Amino acid sequence: MDKQELIDCHERIKPFIHNTPVLTSRLIDEMGGAHLFFKCENFQRMGAFKMRGATNAIMQLTDEQKKTGVVTHSSGNFAQALSLSAQSLGVKAYIVMPSSAPQVKKEAVKGYGGILIECEPTLEARERESERIVNEHGTTFIHPSNDDHVILGQGTACKELLELHPDLDYVVTPVGGGGLIAGSALSAHYFGNHCKTIGGEPFEVDDAYRSLQSGKIETNTTTNTIADGLKTQLGNRNFPVIQKHVEGIVRVTEEEIIVAMRLIWERLKIVCEPSSAVALAAVIKRRGKLSNKKVGIIISGGNVDLERLPF
């Protein structure tokens with residue numbers, strides 16, 4: 001995935017996405033010990049950065065593939081992103097969701113025109129059901145994070161941030177399936193000026209941190225974190241990019257995530273989901289090492305269950 005591919009991807013998806021705002025807060029700067037620039041993907045269409053990758057992936061399909069439709073499995077944001085992208089582009093989207101997914105996210109998928117198929121809340125069940133739909137309907141499977149077109153699309157948020165602030169020293173993103181951090185790292189490499197990429201990850205699901213240590217993709221045995229969007233693991237398409245272009249991953253506690261989330265709500269006056277707050281939590285934790293640096297933070301999304309706020 002090279003620089004021109006990122007440029008082409010961005011031009012391709014621009015009519016279907018928002019160039020989201022960048023916010024700052026003097027008080028949060030003081031707490032983080034750095035100059036922070038928040039790229040607010042909670043203002044993206046369907047409320048998260050995943051709209052970018054989903055749109056690019058669908059636009060790269062052949063006309064024949066578009067006719068038969070697409071399928072993905074996701075518990076939340078990518079499910080909504082693929083549904084809305086497909087609706088915008090006139091393509092049918094089948095969405096496999098675990099029965100345990102929040103009802104509000106299921107309703108959102110249906111509201112965006114996605115065909116919802118529920119399954120048992122295991123990865124095996126999700127994959128099995130997706131495969132059945134591919135076989136029965138001839139649809140094209142699009143992975144939420146382990147797909148080159150998706151990775152490039154997710155990287156456009158960081159590209160926009162660097163177009164506004166080309167002198168950033170660091171970009172920090174949450175790490176779940178790896179699509180956002182891989183895409184952001186590519187943009188930091190191609191469009192930044194010696195800009196480094198750091199990931200934030202909960203201790204409870206620190207598979208990416210361990211993967212960088214061991215050199216192979218690790219898994220989690222438990223996923224007991226408030227950051228529900230970060231429970232997935234890296235894939236063979238994004239992991240090599242992360243190995244090559246990500247400086248490191250900072251692990252944070254559940255309490256640190258909640259503190260950071262509250263800070264964003266209180267000081268930036270915006271709604272963000274717990275997964276988004278992980279990036280700020282990582283910056284606050286690394287306070288001494290980022291002293292007076294210019295740091296971009298990707299606020300990945302704002303699709304939070306208001307009935308279950310942690311504060």
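Only a predicted model underlies this, so the values are computations on that prediction, with no experimental measurement involved.
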Donor-acceptor side-chain pairing of [X] and [Y] below 3.5 angstrom:
{"X": "Ser184", "Y": "Thr173", "answer": "no"}
{"X": "Lys39", "Y": "Thr20", "answer": "yes"}
{"X": "Gln60", "Y": "Asn56", "answer": "no"}
{"X": "Lys159", "Y": "His10", "answer": "yes"}
{"X": "Arg52", "Y": "Thr156", "answer": "yes"}
{"X": "Ser88", "Y": "Arg45", "answer": "yes"}
{"X": "His18", "Y": "Glu41", "answer": "no"}
{"X": "Glu273", "Y": "Asn77", "answer": "yes"}

Taking the side chain as C-beta and beyond, is there a heavy-atom pair between [X] and [Y] under 4.5 Å?
{"X": "Lys106", "Y": "Leu116", "value": "yes"}
{"X": "Thr232", "Y": "Leu123", "value": "no"}
{"X": "Asp169", "Y": "Lys196", "value": "no"}
{"X": "Lys66", "Y": "Leu89", "value": "no"}
{"X": "Ile270", "Y": "Leu23", "value": "yes"}
{"X": "Val96", "Y": "Thr72", "value": "no"}
{"X": "Glu201", "Y": "Pro174", "value": "no"}
{"X": "Ile242", "Y": "Leu234", "value": "yes"}

Distance (rounded to the nearest 0.5 Å) between [X] [atom1] and [Y] [atom2]:
{"X": "Lys289", "Y": "Ile198", "atom1": "NZ", "atom2": "CD1", "value": "9.0 Å"}
{"X": "Ile142", "Y": "His73", "atom1": "CD1", "atom2": "NE2", "value": "12.0 Å"}
{"X": "His149", "Y": "Arg237", "atom1": "NE2", "atom2": "CZ", "value": "10.0 Å"}
{"X": "Met46", "Y": "Phe78", "atom1": "CE", "atom2": "CZ", "value": "9.5 Å"}
{"X": "Asp305", "Y": "Asp228", "atom1": "CG", "atom2": "CG", "value": "9.0 Å"}
{"X": "Leu162", "Y": "Asp167", "atom1": "CG", "atom2": "CG", "value": "9.0 Å"}

- request: Check Leu61, Val71, Ile58 against Thr140 for a side-chain contact (heavy atoms from CB on, under 4.5 Å) and give me the one that passes.
  value: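 Per the side-chain contact (heavy atoms from CB on, under 4.5 Å) rule, the option paired with Thr140 is Leu61, out of Leu61, Val71, Ile58.
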Do you know the tightest heavy-atom contact between [X] and [Y]?
{"X": "Ala282", "Y": "Gly200", "result": "CB-CA, 3.9 Å"}
{"X": "Gly114", "Y": "Ile95", "result": "CA-CG1, 4.3 Å"}
{"X": "Ala185", "Y": "Val246", "result": "CB-CG2, 3.9 Å"}
{"X": "Val171", "Y": "Cys158", "result": "CG2-SG, 3.8 Å"}
{"X": "Leu161", "Y": "Ile297", "result": "CD2-N, 4.5 Å"}
{"X": "Ala86", "Y": "Ala93", "result": "CB-CB, 3.6 Å"}

task: Could you give me the CA-CA distance, side-chain angles and deciding distance for Glu120 and Arg126, then say whether salt bridge (Lys or Arg N to Asp or Glu O under 4.0 Å) is met?
output: CA-CA 7 Å; Glu120 291 298 307; Arg126 283 158 60 153; over 6 Å; no
query: Counting heavy atoms not belonging to Glu107, are there more than 12 under 6.0 Å from its CD?
result: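 Correct, the count exceeds 12.
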field: Within 6.0 Å of NZ in Lys92, more than 12 heavy atoms from elsewhere
entry: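 No - once you tally the heavy atoms of other residues, nucleotides and ligands closer than 6.0 Å, there are 12 at most.
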field: Check ion pair Arg128-Glu124 (N to O, under 4.0 angstrom)
entry: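 A salt bridge is absent here (no side-chain N lies under 4.0 Å from a carboxylate O).
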- prompt: For Tyr94, which residues count as a ring-ring contact (aromatic ring centres under 6.0 Å, His included) partner, sequence neighbours excluded?
  reply: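 Scan of Tyr94 (ring-ring contact (aromatic ring centres under 6.0 Å, His included), adjacent residues dropped) gives His137.
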message: If you apply the rule side chain to side chain contact (heavy atoms under 4.5 Å, CB included), what do you find for Ser300 with Lys50, and how did you get there?
response: CA-CA 8 Å; Ser300 52; Lys50 295 194 174 185; over 6 Å; no
- prompt: According to the ring-ring contact (aromatic ring centres under 6.0 Å, His included) rule, which pairs have a member within residues 174-222, sequence neighbours left out?
  reply: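 Found His189-His245.
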message: Looking at Gly235, is its backbone amide N or carbonyl O close enough to the side chain of Asn238 to form a donor-acceptor pair, meaning the two atoms are under 3.5 Å apart?
response: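 Between the backbone of Gly235 and the side chain of Asn238 there is a qualifying donor-acceptor contact (under 3.5 Å).
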message: Keeping Ser145 on the side-chain end and Gly179 on the backbone end, is there a donor-acceptor pair under 3.5 Å?
response: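 Side chain of Ser145 to backbone of Gly179: no pair is present.
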query: What do the steps show when you test Lys216 against Glu218 for salt bridge (Lys or Arg N to Asp or Glu O under 4.0 Å), and what is the final call?
result: CA-CA 6 Å; Lys216 66 184 197 321; Glu218 302 286 351; 3.1 Å; yes
message: Evaluate Phe43 against Asn19 for side chain to side chain contact (heavy atoms under 4.5 Å, CB included), listing each step before the verdict.
response: CA-CA 9 Å; Phe43 292 125; Asn19 187 332; over 6 Å; no
- prompt: In terms of hydrophobic clustering (I, L, V, M, F, W, Y; side-chain heavy atoms under 4.5 Å; direct or indirect links), are Leu168 and Leu290 co-clustered?
  reply: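 Each belongs to a different hydrophobic cluster.
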- prompt: Would Phe141 and Met97 show up in the same hydrophobic cluster when neighbours are defined by side-chain heavy atoms closer than 4.5 Å?
  reply: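 Phe141 and Met97: separate clusters.
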- prompt: Going through the distances and angles, do Glu204 and Asn220 end up as a side chain to side chain contact (heavy atoms under 4.5 Å, CB included)?
  reply: CA-CA 8 Å; Glu204 297 290 338; Asn220 296 306; over 6 Å; no
query: Is there a side chain to side chain contact (heavy atoms under 4.5 Å, CB included) between Thr139 and Val70 once you walk through the steps?
result: CA-CA 5 Å; Thr139 53; Val70 293; 5.8 Å; no
